S.K.: 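One structure, pasted below without further comment.
Just so it is clear, the values below take in all heavy atoms, side chains as well, and ignore hydrogens, waters and symmetry mates. In the text below, chain A, chain B and the rest are named by the order of the sequence lines, each starting its count at 1. A quick note: this is a predicted structure, and the numbers were derived from the prediction, not measured.
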Amino acid sequence: MKPRILFMGTPDIAATCLDALFEAEANIVGVVTRIDKPKGRHAVLTPPPVKLCAEAHGVPVFQPRTLRDEAFAAYLDELAPDLILVVAFGMILPPNVISYPRYGCLNVHASLLPRYRGAASMQRAIMDGESETGITIMYMDEGLDTGDMILKQTTPISDTDTLETLHDRLAEMGARLLVEASELVVCGKATRTPQNEELSTYAEKISRADCKLDFQRSAIALDRQIRALTPMPFAYCLTPDQRTMKIICARPVDGSGAPGTVIRASTDGAGEIVVACGEGALSIRTLQPEGKGKMDAAAFLRGRKLSVGEVLF
RNA sequence: CGCGGAGUAGAGCAGCCUGGUAGCUCGUCGGGCUCAUAACCCGGAGGCCGUGUGGUUCAAAUCCCACCUCCGCAA
């Protein structure tokens with residue numbers, strides 16, 4: 001008899017995990033995700049990826065406004081899950097939910113716990129220049145990403161990894177490990193390793209301020225920042241006319257000058273705009289001016305006149 | 001109706017306010033120069049100026065109206 005599984009999650013990475021569970025023919029009796037939220041310029045209500053995935057597999061979806069009411073308690077009783085799997089759900093599970101299933105609640109977290117607990121674990125790991133990160137599968141408890149660990153797998157972060165490439169890799173890894181961990185848990189072979197509190201760190205949510213480039217910093221640091229924020233929400237700086245310019249792709253290079261100053265502007269090939277930083281320089285290859293689409297540096301230079309000596313900030 | 005920018009040649013832009021031959025930097029094609037070149041010179045092709053069977057006008061890329069699409073901010 002397969003355990004009755006309740007899945008709770010919201011974004012892409014959760015949908016990838018849910019897909020893997022369906023692939024593994026898990027007995028998903030229900031899916032809980034957050035309510036559709038307004039997105040984009042005209043605030044169009046958009047269903048989260050997990051909802052689409054569940055519907056595609058014909059599993060009923062529940063989108064509660066809160067987990068702390070009678071309705072959700074009744075929902076649990078009705079489904080009577082033996083195991084709850086949570087991936088990037090976005091709501092805190094109250095104690096009565098955590099303690100409900102006899103096999104417990106498992107969570108997929110995109111970092112090597114106890115480091116980088118919290119919402120922006122992948123972004124912060126790239127920003128900090130970590131050489132590796134990974135996936136941890138753990139039992140949930142009432143803290144934020146503080147539960148006992150079951151499985152962990154590592155992946156290196158290369159100096160060309162972006163949030164996108166890392167996210168995709170970790171999503172696949174997380175999906176695989178989640179399937180594996182749930183099987184271990186159900187057959188009683190899962191081990192519990194407590195987290196070492198002293199080594200824990202917290203990955204603060206990304207704010208607008210985290211996206212602003214500060215050319216006083218080193219080119220290496222700026223490159224990390226850019227990669228950590230690509231393809232969402234992107235790092236940016238301001239052009240001499242005070243307009244925002246998102247930096248899509250850049251590379252640290254040799255060079256020096258007053259921080260923020262353009263020290264080279266080339267339209268050869270895809271072109272590059274080299275900006276002096278606090279240490280080294282940043283060669284901007286692809287960017288997106290405010291109100292415009294993405295373009296390479298050469299295209300930008302042809303239309304707008306940004307020349308050597310001008311300052312970005 | 002949240003605020004704002006933008007749709008002109010394959011790319012990026014100017015021209016619009018002050019209506020009157022469609023421009024710039026590239027790319028592309030042909031030719032030339034060169035030991036050679038992504039360099040330089042000469043020449044060519046490529047546009048119904050987002051859509052409208054709209055309005056104004058002798059005349060609209062340009063002014064007015066409606067709509068479509070893309071994007072930045074905010075959520």
S.K.: Is there a side-chain contact between A/F215 and A/L312 (heavy atoms, below 4.5 Å)?
M.R.: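 Sidechains of A/L312 and A/F215: in contact.
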S.K.: Anything under 3.5 Å between a donor and an acceptor, one on a side chain of residues 270-287 of chain A, the other on a protein residue two or more places apart or in another chain? List them.
M.R.:
unit_1: A/E272; atom_1: OE1; unit_2: A/S283; atom_2: OG; d: 2.5
unit_1: A/E272; atom_1: OE2; unit_2: A/R264; atom_2: NE; d: 2.8
unit_1: A/E272; atom_1: OE2; unit_2: A/R264; atom_2: NH2; d: 3.1
unit_1: A/S283; atom_1: OG; unit_2: A/R285; atom_2: NE; d: 2.7

S.K.: Determine the Euclidean distance between corresponding P atoms of B/rA60 and B/rG52; express it in Å to zero decimal places.
M.R.: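 The same atom, P, in both gives a distance of 15 Å.
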S.K.: So which protein nitrogen or oxygen atoms get under 3.5 Å of nucleotides 26-29 of chain B's nitrogens or oxygens?
M.R.:
unit_1: B/rC26; atom_1: O2'; unit_2: A/R302; atom_2: NE; d: 3.0
unit_1: B/rC26; atom_1: O2'; unit_2: A/R302; atom_2: NH2; d: 3.1

S.K.: Classify A/G271 by what it touches in the nucleic acid, base, sugar-phosphate, or nothing, heavy-atom distance under 4.0 Å.
M.R.: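 Contact class for A/G271: none.
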S.K.: Is there a side-chain contact between A/L83 and A/S182, using heavy atoms and a 4.5 Å cut-off?
M.R.: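 Yes; the side chains approach each other to less than 4.5 Å.
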S.K.: Does A/M138 form a side-chain contact (heavy atoms from CB on, under 4.5 Å) with A/K152? I'd like the steps, not just the answer.
M.R.: CA-CA 9 Å; A/M138 62 178 174; A/K152 194 182 283 192; over 6 Å; no
S.K.: Do the numbers put A/R192 on top of the ring of A/Y139, so that NZ or CZ is under 6.0 Å from the six-membered ring centre and no more than 45° off the axis?
M.R.: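 Yes, cation above the ring, under 6.0 Å and within 45°.
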S.K.: Check residues 127-134 of chain A and write down every donor-acceptor pair under 3.5 Å in which the side-chain atom is one partner and the other belongs to a residue at least two apart or another chain.
M.R.:
unit_1: A/D128; atom_1: OD2; unit_2: A/Y116; atom_2: OH; d: 2.6
unit_1: A/E130; atom_1: OE2; unit_2: A/R115; atom_2: NH1; d: 3.4
unit_1: A/E130; atom_1: OE2; unit_2: A/Y116; atom_2: OH; d: 2.8

S.K.: A side-chain contact here means heavy atoms from C-beta on lying under 4.5 Å apart; do A/L67 and A/L93 qualify?
M.R.: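 Heavy-atom side-chain distance check passes, below 4.5 Å.
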S.K.: Find out whether the Lys NZ or Arg CZ of A/R124 is both under 6.0 angstrom from the six-membered ring centre of A/Y202 and within 45° of the ring's axis.
M.R.: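 No.
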S.K.: Just the atom pairs and distances: protein N or O near nucleotides 5-8 of chain B's N or O, under 3.5 Å.
M.R.:
unit_1: B/rG5; atom_1: N2; unit_2: A/G291; atom_2: O; d: 3.0
unit_1: B/rA6; atom_1: O2'; unit_2: A/K292; atom_2: NZ; d: 3.3

S.K.: Check salt bridge (charged side-chain N to carboxylate O under 4.0 Å, His left out) between A/R169 and all other residues, then give those that pass, not counting sequence neighbours.
M.R.: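 Result, salt bridge (charged side-chain N to carboxylate O under 4.0 Å, His left out) vs A/R169: A/D161.
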S.K.: Enumerate the residues from residues 229-241 of chain A whose closest heavy atom to RNA chain B is under 4.0 Å, giving them by residue number; use none for an empty result.
M.R.: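 Output list: empty, so none.
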